[in-house]
Amino acid sequence: MLTAKSLINHCSSSSFSSKPRIATPKPKNPILAFPFLHSQSPKARSFSITNSAEEHRHAEAVTPGQFRVDILSEALPFIQKFRGKTIVVKYGGAAMKSQALQASVVNDLVLLACVGLRPVLVHGGGPEINLWLKRLNIEAVFRDGLRVTDSETMEIVSMVLVGKVNKHLVSLINRAGATAVGLSGMDGQLLTARPSPNSAQLGFVGEVARVDPNVLRPLVDSGHIPVVTSVAADESGQPYNINADTVAGELAAALGAEKLILLTDVPGILRDREDPTSLVKVINISRVKEMIEEGKVGGGMIPKVNCCVRSLAQGVRTASIIDGRVPHSLLLEIMTDKGAGTMITG
């Protein structure tokens, strides 16, 4: 379980800077102020220890209990903002490879559920698929960044994503204190797939043709955390491997989610792709489309941005591309006004 101390440590180490996204009240205790809520300079991102002897004495007098209470009180506006709202999170990249980051994501999900949010987790599992293909002496082939999925590879994809990765995540969430339910797109006809336009070259790589969220709604309404893997079947029952970002975006739209969050291996959308410090904190649809046309957004970021734009066009309130390499990036994105990446608005 995430402690107040670990939350502060992670948040104070963030290098992001921008204008706050929402107004938040000033802290009752200046010594315990969240640096990521109120500071604008790098120096202010660590706790402010001033030369004031009175403030030093006050800090020394603070008990661990008071410390936790002050921190929780700072999070109240964000809890109120998102309580009862559905948040769809696409989980992948470095956060899946590192056990520490994996634990961070799981703990964040459980904490968010405990304070009244309704999280839905969507995942892929590329590295795990590659590992099992290698063990079975099957070559992994990619074209334009997409996995070529013949019938033999599709069988491995289904076994790994549905039978291994999905159930492992469900187990981790259950052990952390929440109740998770694992699903594939085939369960309850949650997703119906269709072949991708270039299926002749890619094989059983599909797109989302239809979403039926009826199987998800009772789970979310009863406080469960659905864990959805990106495998679905077409009308004839043929399984397809679908991009997990796409699945997350379509589910967010179908559920009327407040927010879509894509965990990635980059800080977010950058003004200059060669400069990791040039992070764009908030951007609207028209401007992000301009950045694509100008070539400032390219490569693997384009499908992620398009996924966000499509979900926003279908009613999702905001979509964020965040850095999954940062511990507790989910909490930073939802429970602070600076976030942990780029937020795209309608």
Side-chain angles (χ1 to χ4, degrees), residues 85-93 118-124 126 144-147 183-185 189-199 202 205-214 216-217 220 226 228-232 234 240-266 268-270 280-322 324 330 333-334 339 341-346:
K85 303 296 178 59
T86 299
I87 309 292
V88 176
V89 178
K90 186 268 178 171
Y91 174 53
R118 296 149 58 103
V120 175
L121 186 67
V122 177
H123 70 88
D144 299 325
L146 296 174
R147 183 186 302 278
L183 300 164
S184 74
Q189 295 184 323
L190 173 60
L191 303 171
T192 301
R194 63 170 175 248
S196 65
N198 49 353
S199 59
L202 296 176
V205 174
E207 298 178 342
V208 176
R210 187 171 63 252
V211 180
D212 182 354
N214 286 327
L216 285 185
R217 295 192 192 280
V220 173
V228 182
T229 191
S230 55
V231 173
D234 65 12
Y240 283 86
N241 184 22
I242 304 177
N243 179 277
D245 293 331
T246 301
V247 170
E250 295 300 316
L251 283 179
L255 289 168
E258 176 76 11
K259 192 171 186 65
L260 167 67
I261 299 176
L262 306 182
L263 289 170
T264 68
D265 289 345
V266 294
I269 297 174
L270 304 176
V280 178
K281 296 295 295 181
V282 183
I283 191 169
N284 60 31
I285 290 177
S286 59
R287 179 57 190 138
V288 80
K289 287 181 176 178
E290 289 175 6
M291 290 187 71
I292 293 175
E293 293 170 0
E294 294 165 358
K296 293 181 179 179
V297 173
M301 185 59 72
I302 292 178
K304 294 183 184 299
V305 168
N306 287 338
C307 163
C308 292
V309 169
R310 179 173 168 79
S311 69
L312 292 169
Q314 296 180 86
V316 176
R317 194 171 180 84
T318 65
S320 295
I321 300 172
I322 71 172
L330 276 180
E333 178 60 28
I334 295 173
T342 300
M343 182 171 72
I344 306 174
T345 62

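Using modelled atom types, no side-chain atom of S230 and backbone atom of G124 make a donor-acceptor pair closer than 3.5 Å. Remark: the backbone N or O of I321 is not paired with any side-chain donor or acceptor of T342 at under 3.5 angstrom. A donor-acceptor pair under 3.5 Å is absent between the side-chain atoms of T229 and the main chain of V231, judged by distance alone. Remark: the backbone N or O of I322 is paired with a side-chain donor or acceptor of T264 at under 3.5 angstrom.
The shortest side-chain heavy-atom distance between L251 and L190 falls under the 4.5 Å cut-off. The closest side-chain heavy-atom distance from L202 to R147 is not below 4.5 Å.
Note that CD1 of I292 is 10.0 Å distant from CE of M301, once rounded to the nearest 0.5 Å.
Checked against salt bridge (charged side-chain N to carboxylate O under 4.0 Å, His left out), E258 has the following partners two or more places apart in sequence or in another chain: K85, R317.
A salt bridge between R310 and E250 is present, with a side-chain N of the basic residue lying under 4.0 Å from a carboxylate O of the acidic one.
The heavy-atom pair separating K259 from S320 by the smallest distance is NZ-OG, 2.9 Å.
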* To do: Just do the side chain to side chain contact (heavy atoms under 4.5 Å, CB included) check on L312 and T345 with the steps written out, would you?
  => CA-CA 7 Å; L312 292 169; T345 62; 5.8 Å; no

* To do: Let me see the working for I87 and L330 under side chain to side chain contact (heavy atoms under 4.5 Å, CB included), right down to the final yes or no.
  => CA-CA 11 Å; I87 309 292; L330 276 180; over 6 Å; no

